[in-house]
Number of protein chains: 2
Amino acid sequence: MDDERTDVDVDETDLALLRRVERDDDVNLTELAAELDLSKSAVHYRLNKLKDAGVITAVSADVDPLALGLTTLVITEVSVVHESGYADEIGTELTEIDGTVQVYYTMGDVDFVVLSRVQNREQLNALIDEIVSIDGVNETSSTFVMKELKTGGETVAAMSDEMIANLIEE
Amino acid sequence: MDDERTDVDVDETDLALLRRVERDDDVNLTELAAELDLSKSAVHYRLNKLKDAGVITAVSADVDPLALGLTTLVITEVSVVHESGYADEIGTELTEIDGTVQVYYTMGDVDFVVLSRVQNREQLNALIDEIVSIDGVNETSSTFVMKELKTGGETVAAMSDEMIANLIEE
DNA sequence: AATGAAATCGACCAGCA
DNA sequence: TGCTGGTCGATTTCATT
């Protein structure tokens, strides 16, 4: 029993709807209604509610990086000189480097984890050069991704029964 | 000059369209057409083309993890005993653990990088226990994410001019 | 949360550059 | 090959219960 305060309240139907549209929202209300055993109006009502509540933050097209030649995904750990209080600024600069797709500020001896997509090794070298040239960056360590086994597109689908239960009973 | 063979050919207009819909596809054709200075038919035509070509793999709703109480994001490095050729199987098992949202198979001394979302520390402990109990897993190292600075939703927007140029000139 | 009607939209086509 | 413009059926939307 830890985190009790949840901003929004969703029920099992909402979660089923979310699971469906986070996978594929390129459907009309009639189809959604049939799949979820709801009326079209009910689906419409719930989708609006979920968007208003901020549970659904956007409806977006998923672009295949490979189709654009972005065949290389790299994970880079970035450490900064720990005297500098410029972590915020460094983080912002990391997000602005072309090719970076995910940037996380982390606890521990590594300060940032950066995921980047590039088309070839030259672009990778250029990208890492850009990172190390940021003022305050101390050390970097990069690893190639050989296979993307799960890509993070689906949030609700990744939740356990316990996580679901914590949401429902509130 | 490295990777020359790209499966699909897209032009600047396609990329502008992709940039728009990967950010927000919750708009009608009329609005898209106005923003891109195209006719509705042209937008319709290009969107279909991009979906057929596999550049757009899906249109999906983005769910805010925080709205569902998933306040904790953790990055875990997983090493396997290197005698075992069960890397594929271990990878699959990692993707199936509740809470894991991204799983990458990597080169180097770390074999997998796993990103997980949980609601509290107990769930995190349970998750890590599940990982280490996988047959063949040797060692894990986890790091809390304190701030998500860039979350990887947009692929085209992250591309440099050079990457774009490599795509256009083919 | 359901109904039904009005407004709007997306799909499609024949023709064109 | 990519686009235009217009039509029609389908869809979203909304007031009402």
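In what follows, chains are A, B, ... by sequence order, proteins preceding strands, each numbered from 1. When reading the values below, keep in mind they use all heavy atoms of this one structure, side chains included, and skip hydrogens, waters and symmetry mates.
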Separation of D:dT12 atom P from A:N28 atom CG, nearest Å, is 5 Å
Check the hydrophobic clustering (I, L, V, M, F, W, Y; side-chain heavy atoms under 4.5 Å; chains of links allowed) and say if A:M107 and A:L115 are grouped together.
no
Just to verify, what does B:D11 make a salt bridge (Lys or Arg N to Asp or Glu O under 4.0 Å) with, not counting sequence neighbours?
B:R46
Using 0.5 Å steps for rounding, measure from the OG1 atom of B:T76 to the CZ atom of B:F112.
13.0 Å
Can we say B:E148 and B:R117 salt-bridge, meaning some charged N sits less than 4.0 Å from an Asp/Glu carboxylate O?
yes
For residues 28-38 of chain B, dump all side-chain donor-acceptor pairs below 3.5 Å to protein atoms at least two apart in sequence or in another chain.
| unit_1 | atom_1 | unit_2 | atom_2 | d |
| --- | --- | --- | --- | --- |
| B:N28 | OD1 | B:T30 | N | 3.3 |
| B:N28 | OD1 | B:E31 | N | 2.9 |
| B:E35 | OE1 | B:R20 | NE | 2.5 |
| B:E35 | OE2 | B:R20 | NH2 | 3.1 |

For the helix from C:dA1-D:dT17 to C:dA17-D:dT1, measure the angle between the helix axis at one end and the axis at the other, each built from five pairs, rounding to 10°.
40°
In whole angstrom, give the distance that lies between atom CG of B:L29 and atom P of D:dT11.
15 Å
Considering only heavy atoms from C-beta outward, does the side chain of A:Y104 approach that of B:L73 to under 4.5 Å?
yes
Inspect the surroundings of CG in B:D24 and state if more than 12 heavy atoms from other residues, nucleotides or ligands are less than 6.0 Å away.
yes
Counting C-beta onward and ignoring hydrogens, is there a side-chain heavy-atom pair between B:V118 and A:M163 closer than 4.5 Å?
yes
Whole angstrom value for the distance that separates P of D:dC3 from CG of B:D14:
8 Å
Evaluate whether atom CG of B:D129 has more than 12 neighbouring non-hydrogen atoms of other residues, nucleotides or ligands under 6.0 angstrom away.
yes
Share the residues that join A:Y45 in a hydrophobic cluster, the rule being Ile, Leu, Val, Met, Phe, Trp or Tyr side chains under 4.5 Å apart at the heavy-atom level.
none
Side chains of B:D62 and A:S60, donor plus acceptor under 3.5 Å:
yes
Just to be sure I understand the geometry, which residues of residues 38-56 of chain B put a non-hydrogen atom under 4.0 Å away from DNA chain D?
B:S39, B:S41, B:A42, B:Y45, B:R46
Contact span of DNA chain C against chain B, any nucleotide atom under 4.0 Å from a heavy atom, 5' to 3', runs C:dC9 to C:dC12
Rounded off to whole Å, could you give me the CG-to-P distance for the A:D26 and D:dT12 pair?
11 Å
Report the distance from atom CG of B:L17 to atom P of D:dC3, rounded to the nearest whole Å.
11 Å
